[in-house]
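Bear in mind that the values here come from a model prediction, so they are computed numbers and not experimental data. Counting convention: from 1, in listed order, for ligands and their atoms alike.
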Amino acid sequence: MPKIPILLDGDPGHDDAIAWTLAAASPELDIRCVTSSSGNQSIEKTTYNALRIMALLNIRAPMAKGCPRPLLSPVMTAPSVHGKSGLDGPALPEPAQAPVDLSAPELMARTILTSPEPVTLVPTGPLTNVAALLLAHPEVKARIARISLMGGCIAHGNWTPAAEFNILVDPEAADVVFRSGVPITMAGLDVTEQALLYPADFARIRAVGGPVASVVADWLEFFYQFHRSMGYPGAPIHDAVAVAWLLRPELFTGRDLYVAVETAGRYGRGATIPDPHGVWDKAPNAHVLTGLDRAAFADLLVEAVARYKEA
Ligand code: BDR
Ligand code: CA
């Protein structure tokens with residue numbers, strides 16, 4: 001089977017880090033480049049975290065630092081969830097490489113345009129870099145197979161009642177991406193809040209043994225502290241859903257919908273608004289995931305971590 005070429009763009013972030021752990025362990029995927037986004041922490045911190053994760057997982061791909069701030073909004077971060085560093089918890093190796101001397105959108109454009117096959121983008125942070133790419137290089141659209149992103153929500157938000165964090169941080173960027181015409185799979189809160197790992201799953205991962213298993217178990221435990229205080233029975237590994245859908249789409253249910261991004265509004269900025277009855281008369285622009293087989297998702301992560309032990 002030919003591998004799916006992917007570009008990872010994220011703001012690591014515990015669940016971004018676990019998404020990348022799954023991606024790098026999966027022989028079905030070929031990571032062509034990695035880019036950092038401003039989100040869970042400042043761009044300096046998420047870039048450093050991205051490089052440390054790449055060193056831990058032995059991801060050998062060019063890496064570029066992302067845009068320093070959202071297109072129009074001020075920087076917004078999430079230290080309550082991911083800590084001061086953006087990836088608090090276990091010690092990590094220092095970076096094994098430096099970012100390339102290109103901006104994230106330029107590295108993405110070069111990677112996409114030199115790829116013999118269309119590539120899939122996997123953004124797991126605010127969509128600033130992806131929007132900047134599409135605005136500066138509209139010619140890449142024809143070379144992007146799909147954008148499998150974590151972001152948005154249909155039923156309810158997590159940072160406001162209406163908005164999910166990644167979209168709220170940069171709604172103008174999300175608006176550009178959702179109106180781009182590139183096929184989108186939206187792993188929003190509707191499905192990612194079902195993507196729970198329980199303490200029993202953390203123990204299975206720790207029992208694998210080895211440095212990656214130990215770090216992933218520690219990340220899970222750290223990430224769970226915040227969510228437990230919010231009443232969650234486990235840790236929702238939001239960002240790993242965007243990768244898991246590429247690997248095992250049969251584990252998911254979803255619906256093709258037209259989704260608009262609210263960039264104004266007194267209460268609704270950053271909301272992703274679906275049109276289930278077609279009143280806007282627009283063709284669907286997103287495959288919106290709505291359900292998953294939680295146990296199979298947990299098994300997928302455990303099996304991915306076990307591959308680092310075998311390597
Ligand atoms: C999203 O927000 C971030 O804190 C997580 O990394 C995830 O991408 C969930 O709303
Ligand atoms: Ca993220």
Side-chain angles (χ1 to χ4, degrees), residues 7-23 34-43 45-50 52-53 66-67 70 73 75-89 104 121-130 147-171 173-174 177 184-197 216 219-220 222-227 229-230 232 234-245 261 269-272 288-289 292 301:
L7 275 57
L8 295 174
D9 177 65
D11 57 342
H14 297 77
D15 52 335
D16 304 79
I18 295 168
W20 294 6
T21 304
L22 175 60
V34 178
T35 49
S36 55
S37 52
S38 170
N40 287 324
Q41 263 299 350
S42 68
I43 195 65
K45 291 183 181 179
T46 60
T47 301
Y48 178 55
N49 293 342
R52 292 191 301 157
I53 296 162
C67 303
S73 295
V75 169
M76 185 194 303
T77 59
S80 58
V81 186
H82 300 276
K84 264 192 180 171
S85 71
L87 190 55
D88 279 12
L121 272 50
V122 188
T124 55
L127 290 163
T128 317
N129 295 329
V130 181
I147 301 175
S148 180
L149 63 87
M150 191 281 138
C153 52
I154 302 297
H156 61 83
N158 58 0
W159 280 69
T160 73
E164 180 278 330
F165 178 78
N166 288 340
I167 307 296
L168 180 67
V169 169
D170 197 342
V177 171
I184 291 172
T185 296
M186 175 176 140
L189 297 176
D190 310 277
V191 65
T192 68
E193 288 192 335
Q194 301 171 48
L196 293 168
L197 258 63
V216 172
W219 281 336
L220 287 164
F222 183 91
F223 201 47
Y224 180 45
Q225 295 316 310
F226 168 80
H227 289 95
S229 75
M230 302 289 287
Y232 288 76
I237 314 303
H238 305 283
D239 293 338
V241 175
V243 176
W245 180 80
V261 179
R269 183 166 158 80
T272 41
V288 178
L289 302 181
L292 93 168
L301 291 181

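- Residue side and main chain included, D239 places an N/O/S atom under 3.0 Å of the Ca ion (ligand 2).
- The distance from ligand 1 to the heavy atoms of D16 drops below 4.0 Å at these ligand atoms: 6 (O).
- Proximity of H82 to ligand 1 is established by a heavy-atom distance of less than 4.0 Å.
- Distances from atom 10 (O) of ligand 1 to the heavy atoms of E193, H238, E164 put E164 nearest.
- Of all atoms in ligand 1, numbered sequentially from 1 with element shown, those under 4.0 Å from a heavy atom of N40 are 3 (C), 4 (O), 6 (O).
- For the residue pair R269 / S73, a side-chain donor-acceptor distance below 3.5 Å is found, with atom types taken as modelled.
- Judged by distance alone, the side chains of D16 and T124 do bring a donor and an acceptor atom under 3.5 Å apart.
- Residues M186 and M150 have side chains not in contact (no heavy-atom distance under 4.5 Å, counting atoms from C-beta outward).
- Side-chain contact of T35 with D9: a donor-acceptor pair under 3.5 Å is present, judged by distance alone.
- Looking at V81 against ligand 1, nothing comes within 4.0 Å, counting heavy atoms.
- Less than 6.0 angstrom separates the ring centroid of H82 from the ring centroid of F223.
- Here the heavy atom of the protein found nearest to atom 2 (O) of ligand 1 is F165 CD2, 3.4 Å.
- Checking D15, N166, V241 against atom 5 (C) of ligand 1, the nearest heavy atom belongs to D15.
- With hydrogens and angles ignored, the 3.5 Å screen pairs no side-chain donor or acceptor of D15 with any backbone N or O of P236.
- Heavy-atom distances between N158 and ligand 1 reach below 4.0 Å in at least one pair.
- Among the heteroatoms counted here (N, O or S) of D11, OD1 is the one nearest to the Ca ion (ligand 2).
- For the pair T272 (side chain) and C153 (backbone), a donor-acceptor distance under 3.5 Å is present.
- Between D88 and S85, the side chains place a donor N or O and an acceptor N or O closer than 3.5 Å (distance only, hydrogens not considered).
- If you number the atoms of ligand 1 from 1 as listed, the ones under 4.0 Å from a heavy atom of T124 come out as 8 (O).
- The nearest heavy-atom contact from the protein to atom 8 (O) of ligand 1 is D239 OD1, 2.6 Å.
- With hydrogens and angles ignored, the 3.5 Å screen pairs a side-chain donor or acceptor of S37 with a backbone N or O of G10.
- Vertex the Ca ion (ligand 2); arms to T124 O and D16 OD1; angle rounded to 10 degrees, 130°.
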